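Scroll down for the structure; my scribbles are underneath it.
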Amino acid sequence: MKNIVILGAGTAGTIMANKLAAALDKTEWQITVVDQEEIHYYQPGFLFIPFGIYTREDVIKPKRDYLPPGVNLIMSKIEVIEPDRNRVKLENGKVLPYDFLIIATGSRIHPEETEGMLNGAWHKNIFDFYTLEGALKLANFLKYWEGGRMVLNIVEMPIKCPVAPLEFVFLADWWFTEQGIRDKVEIVFATPLPGAFTKPRASHFLGNFLEKKGIHLVPEFNIERVDSSKNKIISYDEKEIEYDLLVTIPTNMGDEVIARSGMGDDLNFVPTDKHTLQSSQFENVFVIGDATNLPSSKAGSVAHFQSEVLFENIMRAIEGRPLQPKFDGHANCFIESGFGKGILIDFNYDVEPLPGKFPLPGIGPFSLLEETKMNHWGKMMFRWMYWNLLLKGSELPIQAQMNLAGKRL
Amino acid sequence: MDVKQVQLDAEGFLVDYKEWNEELAKELAKEEGIEELTDRHWHVIRFMREEYEKTGQVPTIRRLKNAGGIPTKELYALFPNGPAKKAARIAGLPKPQGCV
Ligand SMILES: Cc1cc2nc3c(=O)[nH]c(=O)nc-3n(C[C@H](O)[C@H](O)[C@H](O)COP(=O)(O)OP(=O)(O)OC[C@H]3O[C@@H](n4cnc5c(N)ncnc54)[C@H](O)[C@@H]3O)c2cc1C
C-alpha cells in the first residue's frame, strides 16, 4: 500500500481528499487526512455574524460529513513533519509515513503579535471577526452599542480574504443606517496599504466606494501597539488613531507545525512553486490554500482553483510525468457592499481586476468591478456552492485559469 | 558609478543589483531624504543585500527583525515613510513584492 497524507481538513484539504479518493485505486493507495478539530467552519460566513445575518449554526458542519468513505481521517494535532524521512508525527503518538504529502494547514490570526492588543480590552471593545468566537462576541457588542468611533485596522499583509475588511465596513455602514444610528457612528478604515486595496484599479474603484459611504480611509498606517487604557492605536511612525470600538485584522500566520518542522518563512508560510504548487524544497511535498507563501490571494475560491492544478500534478507525480505549471494566481471574490448589493472582482498574478461580465463573457449574470444586486446574490449563493459543490471537489462552472474574454481592458 | 550611469526601473529601483556600490547608496539615500547613512543604516543595507543574494528575495520587515535583529521601530526611524521600499531602493534591490 502506498500513502498520500493530507495535513488539514479545511477547505483545501477536504477538496483534495474528495478529488483523489474518486481517482485513485483503493487497493493501491491509502489516503489519510489529519485535522485537530471535528468542526468545519465556513469562514466566509464569519463576516455576516456581527450584523446578525448569520448565526453560529449557519457556519459550522461536521468535517466527517464532507470527507469521502475510504479516506482514513485522524483527529489529532500534527506535531511535526519530517520531510527528510517522509513521515509526519502526530500528537496522539502516531507516526504516518508517506509517499506524497499535501500540506493544507491554512492560516490563523495572531493578536498577540501586536503589543497591547490582548491587554484587558480584548473582546471588550477590541474584536476580531476572523474567528467564530470573535465574530459572535462582536455581534453581541454591536447589539447594545449606541455609537461612537469605529476603527477597522489591518495589522499587516498578507491576510486571508483581503477583501473581507472592506466588506466589513461596507456592511457596517448599511447596518448602522438600518439601526438608525449612522449619524452617531464615525467609521475609519486604517490600512498599511497605500489605498483601499492591493491592486491599483480595484483600489481606486473601492476607494471611491469608501468615500461615497462616508468612510474615512487612513492609508499607510502600520500599527506598532494598542494603548487600550487610552483607546488608541499607535503606528511605528507615531501616528495615533483614537477609537471607541476597534475591529482588528491581526497578523495572519501559517500554523506553528510549519515552524516546528523548519519548513516555513517568517510568517510560517511554506515556500511553494508559484505555478506547480510543489514545495520549493521537497519533491514529494505539495502545498495548497492559505498555507502557501504564494503571492495569490488567500481565499477559498483560490484554494478551489489550485485544487484542479494540484490534482492533475499529483496524478502526474504518481505516474512519474513532469508537473504542469498551470496555476496562474486566479482569484475570484465577491465583495458584499451593503444595502443588498455586491461587487465582483476576478484577477490573477499578472492581470489586475478588470470590468466585464462573468462567468459567461458578455452575458454574466455577474458584473465585474461594478456594484449590482446580482453580485450580492452570488455572494449569498456562495455558501450553498461551498458546502454542496466546492468541498466535494465537483466541477464548478468556472475555469481554474483566469479568462480574459468578456473583460474590458 | 553614479545614479546617472546605472539603469533604474520606472519607480527608480536598480535593474541589476550587482551594479550597486556604496557611493551609489549614498546618492540614492539623498534622493530619499536621508542626508547621511549611519552605521545602523549600513547594517540594514548589508543585511538586506546578503539576504537577497542568499534567497533571491527582498527581506520583509519581519525578516529584518527576526533574522537581522533590527527592531521595526528603529527601521521606521532610520528609513521614515515606508522603510521596506526605501531601504530596498537604497540597497540596490528590486521593489519589495506587494501583497494581495
Ligand atoms: C472572515 C473571513 C471571510 C472570508 N471570506 C471569503 C470569501 O468570501 N471567499 C473566499 O473564497 N474565501 C474567503 N475567506 C477565506 C477562506 O475561508 C480561506 O482562504 C480558506 O478556508 C482556506 O482554506 P485552507 O484549507 O487553506 O485553510 P483552512 O480552511 O483554514 O483549513 C486548515 C485546517 O488545518 C487544520 N490544522 C492546522 N494546523 C493543524 C495542526 N497543527 N494539527 C492539526 N490540524 C491542523 C485546521 O484545524 C483547519 O481545519 C474568508 C476568511 C475569513 C476568515
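Each chain gets a letter, A, B and so on, in the order the sequences are listed, and its residues count up from 1. Because the structure is a prediction, the values reported are computed rather than measured.
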Check your understanding: Are side-chain N/O atoms of B:Tyr76 and A:Asn222 paired as donor and acceptor at under 3.5 Å?
Key -> yes
Review point. Chain B heavy atoms under 4.5 Å from A:Glu352: which part of the residue, side chain, backbone, both or neither?
Key: neither
Check your understanding: A:Phe209 vs A:Phe170 aromatic rings, parallel, tilted or perpendicular, using cut-offs 30° and 60°?
Key -> tilted
Revision key, fill the gap. One option among B:Asn81, B:Asn66, B:Thr55 has the most heavy-atom pairs under 4.5 Å with chain A, and it is B:Asn66
Check your understanding: Under a 4.5 Å heavy-atom cut-off, does chain B meet the side chain of A:Glu224, its backbone, both or neither?
Key -> side chain
Check your understanding: Quick one: what part of A:Ser280 sits under 4.5 Å from any heavy atom of chain B, side chain, backbone, both or neither?
Key -> neither
Practice item. Just say parallel, tilted or perpendicular for the rings of B:Tyr17 and B:Tyr52, cut-offs at 30° and 60°. Key: perpendicular
Review point. Are the ring centres of A:Phe382 and A:Phe334 closer than 6.0 Å?
Key: no
